[in-house]
Colleague: 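Following this message is one structure expressed as structure tokens.
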Amino acid sequence: MRALVVDDSRAMRLILTRILTGLGFEVYEAGDGREALDLLTADGSGTSLVLIDWNMPVMNGLDLVTAVRADENLRHLTLIMVSTESEQKQIVRALAAGAHEYLIKPFTPDAIADKLTLLGLSAAHTPA
């Protein structure tokens with residue numbers, strides 16, 4: 001399976017990529033929502049999962065979720081918000097916009113694996 005990690009923090013992209021790779025995903029990255037949307041529309045084939053940070057320049061994570069849900073060719077994607085935004089109303093906004101799950105930073109590799117299992121996307125459960 002193929003996953004896209006969208007976060008403006010290079011360190012966070014590295015952490016998520018390492019975890020997802022350990023879970024059997026082929027991973028590619030984007031530094032903001034606009035770059036992610038461009039990648040998905042250009043060649044999102046085979047992508048099944050997108051992990052999205054909320055606070056990013058150019059296009060934030062909530063806008064990316066909304067744009068993906070509005071695009072008929074991308075609606076099938078499983079979206080997980082991975083953010084420091086921990087207020088209940090922010091979580092509700094993300095889920096209402098179309099995110100399947102919400103994970104608050106900091107997180108453990110097991111938390112990612114558990115979310116993927118809940119969504120039926122689990123591969124080998126061997127977190128990095």
Side-chain angles (χ1 to χ4, degrees):
M1 281 192 261
R2 194 168 184 214
L4 174 61
V5 172
V6 187
D7 199 303
D8 59 324
S9 165
R10 186 176 182 159
M12 185 54 61
R13 289 195 312 267
L14 178 62
I15 290 166
L16 287 168
T17 296
R18 188 172 293 150
I19 292 168
L20 291 171
T21 300
L23 291 170
F25 285 86
E26 174 190 335
V27 181
Y28 63 120
E29 304 173 7
D32 62 64
R34 170 56 44 206
E35 182 184 355
L37 198 54
D38 290 346
L39 286 170
L40 289 167
T41 9
D43 185 28
S45 60
T47 302
S48 55
L49 172 67
V50 185
L51 275 68
I52 306 166
D53 181 33
W54 188 304
N55 297 304
M56 297 180 289
V58 185
M59 176 188 273
N60 70 38
L62 188 63
D63 290 343
L64 175 58
V65 169
T66 303
V68 166
R69 290 297 171 237
D71 187 322
E72 194 166 316
N73 296 318
L74 302 177
R75 284 188 194 146
H76 69 281
L77 293 170
T78 299
L79 307 178
I80 300 177
M81 291 290 283
V82 182
S83 180
T84 58
E85 294 289 338
S86 59
E87 287 185 36
Q88 190 67 27
K89 68 180 185 175
Q90 298 293 71
I91 296 169
V92 169
R93 283 180 68 201
L95 296 174
H100 290 91
E101 282 288 341
Y102 198 100
L103 188 63
I104 298 170
K105 296 175 185 174
F107 53 83
T108 64
D110 283 338
I112 296 274
D114 290 346
K115 293 288 185 187
L116 296 176
T117 298
L118 282 173
L119 295 168
L121 291 174
S122 62
H125 184 96
T126 54

Colleague: Atom CZ in Phe107, atom CG in Leu16: separation rounded to 0.5 Å?
Modeller: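 Answer rounded to 0.5 Å: 4.0 Å.
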Colleague: If we check side chain to side chain contact (heavy atoms under 4.5 Å, CB included) with Val6, which of these qualifies: Leu39, Asp32, Val50, Asp53?
Modeller: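 So, applying the side chain to side chain contact (heavy atoms under 4.5 Å, CB included) to Val6 and each of Leu39, Asp32, Val50, Asp53, only Val50 qualifies.
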Colleague: Would you name the heavy atoms of Gly31 and Arg13 that are closest together and state the gap between them?
Modeller: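 Closest approach of Gly31 to Arg13, heavy atoms only: CA-NH1, 3.7 Å.
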Colleague: Identify the heavy atoms of Arg2 and Tyr28 that sit nearest to each other, and give their distance.
Modeller: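 Between these two residues, the closest heavy atoms are NE-CE2, 3.4 Å.
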Colleague: Determine whether Leu23 and Leu121 make a side-chain contact, defined as any pair of heavy atoms from C-beta on separated by less than 4.5 Å.
Modeller: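 No, every pair of side-chain atoms sits at 4.5 Å or beyond.
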Colleague: Looking only at atom types and distance, does a side-chain atom of His100 sit under 3.5 Å from a main-chain N or O of Ile80, one as donor and one as acceptor?
Modeller: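 Looks like no, no N/O pair under 3.5 Å.
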Colleague: Could you state the interatomic distance from CG (Leu51) to OG (Ser83), rounded to the nearest 0.5 Å?
Modeller: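 With rounding to 0.5 Å, CG (Leu51) is 12.0 Å from OG (Ser83).
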Colleague: To the nearest 0.5 angstrom, please state how far the OG1 atom of Thr17 sits from the CE atom of Met12.
Modeller: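 Spacing of OG1 (Thr17) from CE (Met12) equals 11.0 Å.
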Colleague: Is a donor on one side and an acceptor on the other found under 3.5 Å between the side chain of Arg34 and the backbone of Met59?
Modeller: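 Looks like no, no N/O pair under 3.5 Å.
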Colleague: Can you confirm whether Leu74 sits close enough to Thr47 that some side-chain heavy atom of one is under 4.5 Å from a side-chain heavy atom of the other?
Modeller: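 Heavy-atom side-chain distance check fails, nothing below 4.5 Å.
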Colleague: Could you go through the side chain to side chain contact (heavy atoms under 4.5 Å, CB included) check for Leu20 and Val5 one step at a time?
Modeller: CA-CA 9 Å; Leu20 291 171; Val5 172; 3.7 Å; yes
Colleague: Can you give me the closest heavy-atom contact between Ala94 and Leu62, atom names plus distance?
Modeller: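 Here Ala94 and Leu62 meet closest at CA-CD1, 3.8 Å.
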Colleague: Minimum heavy-atom separation for Val65 to Ala99, with atom names?
Modeller: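 Distance-wise, the nearest heavy atoms are CG1-N, 3.6 Å.
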Colleague: The test is side chain to side chain contact (heavy atoms under 4.5 Å, CB included); show your working for Leu14 and Arg10 and say whether it passes.
Modeller: CA-CA 6 Å; Leu14 178 62; Arg10 186 176 182 159; 5.8 Å; no
Colleague: Do Asp8 and Val58 come within less than 4.5 Å of each other through their side chains, counting heavy atoms only?
Modeller: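 No, every pair of side-chain atoms sits at 4.5 Å or beyond.
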Colleague: Side chains of Asn60 and Asn55, heavy atoms from C-beta outward: is any pair under 4.5 Å?
Modeller: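 Side-chain contact under 4.5 Å: no.
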Colleague: To the nearest 0.5 Å, what is the distance between CG on Leu40 and CG on Leu64?
Modeller: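 The CG atom of Leu40 sits 7.0 Å away from the CG atom of Leu64.
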Colleague: Using atom types as modelled and distance alone, determine if a side-chain donor or acceptor of Arg69 lies under 3.5 Å from a backbone N or O of Arg75.
Modeller: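 Flag set: sc Arg69 to bb Arg75 pair under 3.5 Å.
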Colleague: For the side chain of Tyr102 and the backbone of Glu85, is there at least one donor-acceptor N/O pair under 3.5 Å apart?
Modeller: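 A pair under 3.5 Å: yes.
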Colleague: Would Ile104 end up clustered with Ile52 when hydrophobic side chains under 4.5 Å apart are linked, directly or stepwise?
Modeller: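 Yes, Ile104 connects to Ile52 through the hydrophobic network.
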Colleague: Check whether any side-chain heavy atom of Leu4 lies under 4.5 Å from a side-chain heavy atom of Leu77, and answer yes or no.
Modeller: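 Not in contact.
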Colleague: Measure the spacing between CG of Asp71 and OG1 of Thr41 and express it to the nearest 0.5 Å.
Modeller: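 Here the rounded value is 6.5 Å.
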Colleague: Work out which heavy atom in Ala67 is nearest to a heavy atom in Leu37; give both atom names and the distance.
Modeller: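 Between these two residues, the closest heavy atoms are CB-CD2, 3.7 Å.
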Colleague: About how many Å separate OG of Ser86 and NZ of Lys105, when rounded to the nearest 0.5 Å?
Modeller: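 Between atom NZ of Lys105 and atom OG of Ser86 there are 12.5 Å.
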